[in-house]
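Within every chain, numbering begins at 1; the chains are lettered A, B, ... in the order of the sequence lines, protein sequences first and strands thereafter.
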2 protein chains.
Amino acid sequence: MSTGPELLRGHLDALLLGVLADRPAHGYAVIERLRERSAGAFDLAEGTVYPALHRLERDGLLSSRWSSEPGRPRRVYSVTRRGVSALSAHRGTWRSFAQAVDRVLGESVLSEAGR
Amino acid sequence: MSTGPELLRGHLDALLLGVLADRPAHGYAVIERLRERSAGAFDLAEGTVYPALHRLERDGLLSSRWSSEPGRPRRVYSVTRRGVSALSAHRGTWRSFAQAVDRVLGESVLSEAGR
DNA sequence: TCATGTGCCTAGCTAGTCTAGGCATTGCCT
DNA sequence: AGGCAATGCCTAGACTAGCTAGGCACATGA
């Protein structure tokens with residue numbers, strides 16, 4: 001990740017559900033889309049994404065099927081109904097989190113200049 | 001934390017520097033200020049905050065002295081010059097991170113409604 | 001005197017992410 | 001034909017930041 005390590009912690013599920021809510025995709029494509037959508041900020045390793053996808057499927061937020069299209073076999077993931085509502089919850093959580101950080105980081109902007 | 005576990009990962013240093021940049025404080029007060037400023041979103045355990053303060057001091061971003069005022073002994077932390085610039089860097093990192101998450105989470109808002 | 005709030009601290013756990021590997025297919029270039 | 005890069009899947013184990021759960025001491029007021 002170009003934004004620095006560790007920042008992602010706890011937000012990955014939301015991001016994966018976010019890209020997949022748009023339209024289904026296989027793991028490799030998820031990584032690319034995440035990189036594109038974030039303008040390069042999220043450049044995740046496969047070892048980060050695949051286990052997370054598996055976990056989300058195990059928890060019923062994603063479902064997968066093997067693509068029947070010719071060429072390399074791909075596991076295509078879709079967001080389930082439960083996944084959609086989980087994403088919606090994640091969005092709310094993210095908003096409060098971001099707002100809280102903004103408040104803490106923002107309120108001392110003025111005092112910063114006077115140092 | 002009321003916003004959920006794990007989300008804080010990697011953002012704690014920025015938050016601590018943020019509250020202390022306003023004015024120096026001792027650990028216990030840092031926790032209270034964080035709770036107030038975030039409107040209850042960040043309600044951190046002492047076991048989270050104290051080790052982090054120690055680490056920041058070890059890294060030269062904070063300095064501490066024992067309060068000479070009557071009453072209970074308190075270790076009061078101030079942000080050092082290096083801490084101020086670290087905070088500024090953290091602000092930049094936070095902005096790109098938040099922007100990237102917003103982009104990933106935001107772009108599928110419309111498609112969410114049609115489900 | 002006994003509980004509650006304040007205030008400091010740390011050892012060890014937990015869990016999500018990352019590292020570092022492995023494997024197979026496709027397509028291109030020489 | 002051979003080789004290499006890109007695609008595409010996977011997992012075991014390491015790493016580490018934050019959390020749990022405990023300890024200690026003083027102040028205050030009931």
Side-chain angles (χ1 to χ4, degrees), chain A residues 1-17 24-36 38 41-59 61-62 64-77 90 93 97 101, chain B residues 1-17 24-36 38 41-59 61-62 64-77 90 93 97 101:
Chain A
M1 253 227 313
S2 74
T3 53
E6 299 293 339
L7 296 186
L8 203 60
R9 198 69 165 243
H11 303 284
L12 179 58
D13 291 8
L15 295 176
L16 295 179
L17 291 171
H26 62 285
Y28 206 83
V30 166
I31 293 174
E32 287 179 329
R33 262 199 235 168
L34 216 38
R35 187 170 44 232
E36 287 160 16
S38 68
F42 302 133
D43 189 13
L44 305 186
E46 300 176 17
T48 298
V49 171
Y50 286 117
L53 291 174
H54 298 163
R55 187 167 37 76
L56 289 171
E57 179 167 28
R58 174 172 53 71
D59 295 347
L61 307 184
L62 294 179
S64 76
R65 56 190 165 73
W66 286 94
S67 164
S68 54
E69 276 155 48
R72 311 236 22 231
R74 300 162 158 182
R75 184 187 282 277
V76 176
Y77 291 91
H90 274 299
T93 302
F97 175 78
V101 174
Chain B
M1 252 230 308
S2 74
T3 52
E6 300 291 342
L7 296 186
L8 205 58
R9 196 71 163 245
H11 303 285
L12 179 59
D13 292 7
L15 296 177
L16 295 179
L17 291 171
H26 61 285
Y28 207 83
V30 167
I31 292 174
E32 286 179 331
R33 262 199 234 168
L34 216 38
R35 187 170 44 233
E36 286 159 17
S38 69
F42 300 134
D43 189 12
L44 305 187
E46 300 175 15
T48 297
V49 172
Y50 286 117
L53 292 173
H54 298 163
R55 186 167 38 74
L56 289 172
E57 179 167 29
R58 174 170 54 69
D59 295 348
L61 307 184
L62 295 179
S64 76
R65 56 189 165 73
W66 286 94
S67 164
S68 54
E69 276 156 48
R72 312 236 22 229
R74 299 163 159 183
R75 184 188 282 278
V76 176
Y77 291 90
H90 273 299
T93 303
F97 175 77
V101 174

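Minimum heavy-atom separation, Ala25(B) to Val30(B): CB-CG2, 4.2 Å. Closest heavy-atom contact between Leu16(B) and Ala52(B): CD1-CB, 3.6 Å. Here the shortest heavy-atom pairing between Ser67(B) and Val76(B) reads CB-CG2, 4.0 Å.
Between Arg75(A) atom CZ and dT11(D) atom C1' the separation is 14 Å, expressed in whole Å. In this structure, the CZ atom of Arg55(A) is 12 Å from the P atom of dC18(C), given to the nearest Å. Summarising the geometry, the separation between CD on Glu57(A) and P on dT11(D) is reported as 12 Å, rounded to the nearest angstrom. Here dC10(D) presents its P atom at 15 Å from CZ of Arg58(A), a figure rounded to the nearest Å.
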Practice item. Take Tyr77(A) and Glu57(A), measure what side chain to side chain contact (heavy atoms under 4.5 Å, CB included) needs, and give me the verdict at the end. Key: CA-CA 8 Å; Tyr77(A) 291 91; Glu57(A) 179 167 28; 3.7 Å; yes

- Message: Applying side chain to side chain contact (heavy atoms under 4.5 Å, CB included) to Glu6(B) and Arg9(A), what does each step give before you reach the verdict?
- Response: CA-CA 6 Å; Glu6(B) 300 291 342; Arg9(A) 198 69 165 243; 3.3 Å; yes

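Annotation: salt bridge (Lys or Arg N to Asp or Glu O under 4.0 Å) contacts of Arg35(B) (sequence neighbours excluded): Asp43(B). The side-chain hydrogen bond (donor to acceptor under 3.5 Å, both in side chains) check on Arg33(B) picks up nothing, with sequence neighbours excluded.
Listed by residue number, Glu46(B), Gly47(B), Tyr50(B), Pro51(B) are the residues of residues 45-52 of chain B with a heavy-atom contact under 4.0 Å to DNA chain C.
For Tyr28(A), the side-chain atoms get nearest to dT7(D) when compared with the rest of dC18(C), dC8(C), dT7(D).
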5' to 3', nucleotides 24-29 of chain C under a 4.0 Å protein heavy-atom cut-off (B base, S sugar-phosphate only, - none) gives BBS---

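His54(B) has no side-chain polar atom (N or O) that falls below the 4.0 Å cut-off from OP1 or OP2 of dC8(C).
Ring geometry for His11(B) against Phe97(B) counts as tilted: the plane angle lies between 30° and 60°, on a 0 to 90° scale.
Within the structure, every pair that satisfies the side chain to side chain donor-acceptor pair (under 3.5 Å) test and touches residues 44-55 of chain B, not counting sequence neighbours, is listed here: Asp13(B)-Arg55(B).
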Between the protein and nucleotides 12-15 of chain C, list the N/O to N/O atom pairs that are separated by less than 3.5 angstrom.
residue, atom, partner, partner atom, Å
dA15(C), N3, Arg9(A), NH2, 3.2

